[in-house]
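Just below is one structure, and these are the notes that go with it.
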Amino acid sequence: MDKPVLIAARQFPEPLSKALAQFGELRLYDANDPAGVLQGAHLWAGTIMDPVPSDLIARFPDSLGLIVNFGVGIDNIDLEAAAARGIQVSNTPVVTEDTADLAMALLLATCRRLSSSERLLREGNWAGGAGQLGQRVHGKTLGIVGFGAIGQAVARRARGFGLKVIYHGPHPKPEEAITTAAEYRESLAALLGEADIVSLNCALTAATRHLLNADTLAQLKPGAVVINTGRGPLIHEAALVDALTSGHLGGAGLDVFEFEPRVTDALMTFDNVTLLPHIGSATRECRADMAGRFLGNIQAFLTSGKPLDPCW
Ligand code: 8YV
């Protein structure tokens with residue numbers, strides 16, 4: 001390869017853009033001149049907020065061999081279209097423990113009404129904050145949908161808080177692949193009918209889009225709490241609002257939203273809902289790990305033709 005040409009989907013912050021520029025020629029993508037900017041490019045570097053749909057992939061020159069994603073989720077990339085053209089895709093699977101911490105924080109905050117209690121205290125309403133009653137956490141059953149690395153990291157934390165853990169996914173995990181005690185439920189309906197709290201930790205795919213919708217939300221026990229640190233479109237947000245409005249749902253803790261960065265207005269009105277601006281990986285340490293992995297994937301691809309974290 002001549003001097004590698006890297007296309008940045010966005011302006012990366014200083015330390016990262018400098019590190020990227022050290023690999024070769026760094027160009028900022030220009031949607032007004034895709035052909036010009038992509039000419040002779042070897043690598044596309046973007047984040048989970050930068051869509052890479054099939055029509056963009058169709059414009060990539062034959063020289064482009066890797067789409068490197070800053071983030072573990074790759075639902076922003078049309079993986080099939082990339083694979084069909086032989087373009088490799090890499091992610092940064094180093095957000096497991098930080099995301100699980102946030103899921104547990106959301107679970108506790110939502111069940112114990114931390115956000116609204118603190119808001120009332122800040123408004124000078126001590127009695128109002130102290131008068132809110134949340135739900136007990138220990139002794140309850142947590143249903144985890146998606147029992148990969150993050151789901152299992154949530155399970156480990158939950159067991160420390162005295163929760164029973166059940167999980168659902170396409171297949172039961174072989175025992176040697178499970179790092180903590182958890183019982184498999186073959187159907188989503190079985191999990192939803194048994195869990196007091198549900199945590200979504202699966203990837204967003206065509207099969208999981210709107211996994212929680214009006215029908216499946218109705219299968220939850222009255223008063224159940226939903227936690228989402230996966231991807232917003234796993235939940236049909238309008239149906240979630242209805243389930244909260246009717247009182248069927250006991251609460252929701254959300255770090256991700258269907259129309260990010262827009263948050264459905266009605267969600268802002270519930271005291272039993274905790275809302276965060278997609279901060280699962282937002283610790284200094286995790287972002288440094290992600291940057292290291294992002295750059296490591298580029299380095300490995302440029303030297304061996306294979307990234308460290310191939311996604312297909
Ligand atoms: C986000 C994430 O990148 O890795 C992922 O897939 O969703 C997170 O790490 C981060 O929270 C910024 O929005």
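One-based numbering, in listed order, for ligands and for the atoms of each.
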Self-check item: Glu260 heavy atom under 4.0 Å from ligand 1
Solution: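 It does not, in that no heavy atom of Glu260 comes within the 4.0 Å cut-off of ligand 1.
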
Quiz item: Is Met290 near ligand 1, meaning one of its heavy atoms is under 4.0 Å from it?
Solution: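 A heavy atom of Met290 does come that close to ligand 1.
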
Numbered atoms and elements of ligand 1 in range of [X], under 4.0 angstrom, heavy atoms:
X: Gly73; value: 5 (C), 6 (O)
X: Ile48; value: 1 (C), 2 (C), 3 (O), 6 (O), 7 (O)
X: Arg231; value: 2 (C), 5 (C), 6 (O), 7 (O)

Self-check item: Within 6.0 Å of CG in Asp55, more than 12 heavy atoms from elsewhere
Solution: yes

Practice problem: With sequence neighbours excluded, give me every side-chain hydrogen bond (donor to acceptor under 3.5 Å, both in side chains) pair touching residues 132-149. | Solution: Arg113-Gln132, Ser116-Gln132

Quiz item: Ion pair present between Arg85 and Glu80, side-chain N to carboxylate O less than 4.0 angstrom?
Solution: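 Looking at Arg85 and Glu80, the cut-off is not met.
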
Self-check item: Lys/Arg N to Asp/Glu carboxylate O, Arg209 vs Glu258, below 4.0 Å
Solution: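 No salt bridge links Arg209 with Glu258.
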
Quiz prompt | Note, Cys202 side chain near Leu234 side chain (heavy atom, < 4.5 Å) | solution =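 Touching, per the 4.5 Å side-chain cut-off.
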
Protein contact of [atom] - nearest heavy atom, named by residue and atom, plus distance:
atom: atom 5 (C) of ligand 1; value: Val72 N, 3.3 Å
atom: atom 9 (O) of ligand 1; value: Ser281 OG, 2.8 Å
atom: atom 12 (C) of ligand 1; value: Arg287 NH2, 3.3 Å
atom: atom 2 (C) of ligand 1; value: His278 NE2, 3.6 Å

Quiz item: What do the steps show when you test Thr283 against Asp98 for side chain to side chain donor-acceptor pair (under 3.5 Å), and what is the final call?
Solution: CA-CA 7 Å; Thr283 64; Asp98 299 79; 2.9 Å; yes

Quiz prompt | Whether His210 and His236 hold their rings parallel, tilted or perpendicular, with breakpoints at 30° and 60° | solution = perpendicular

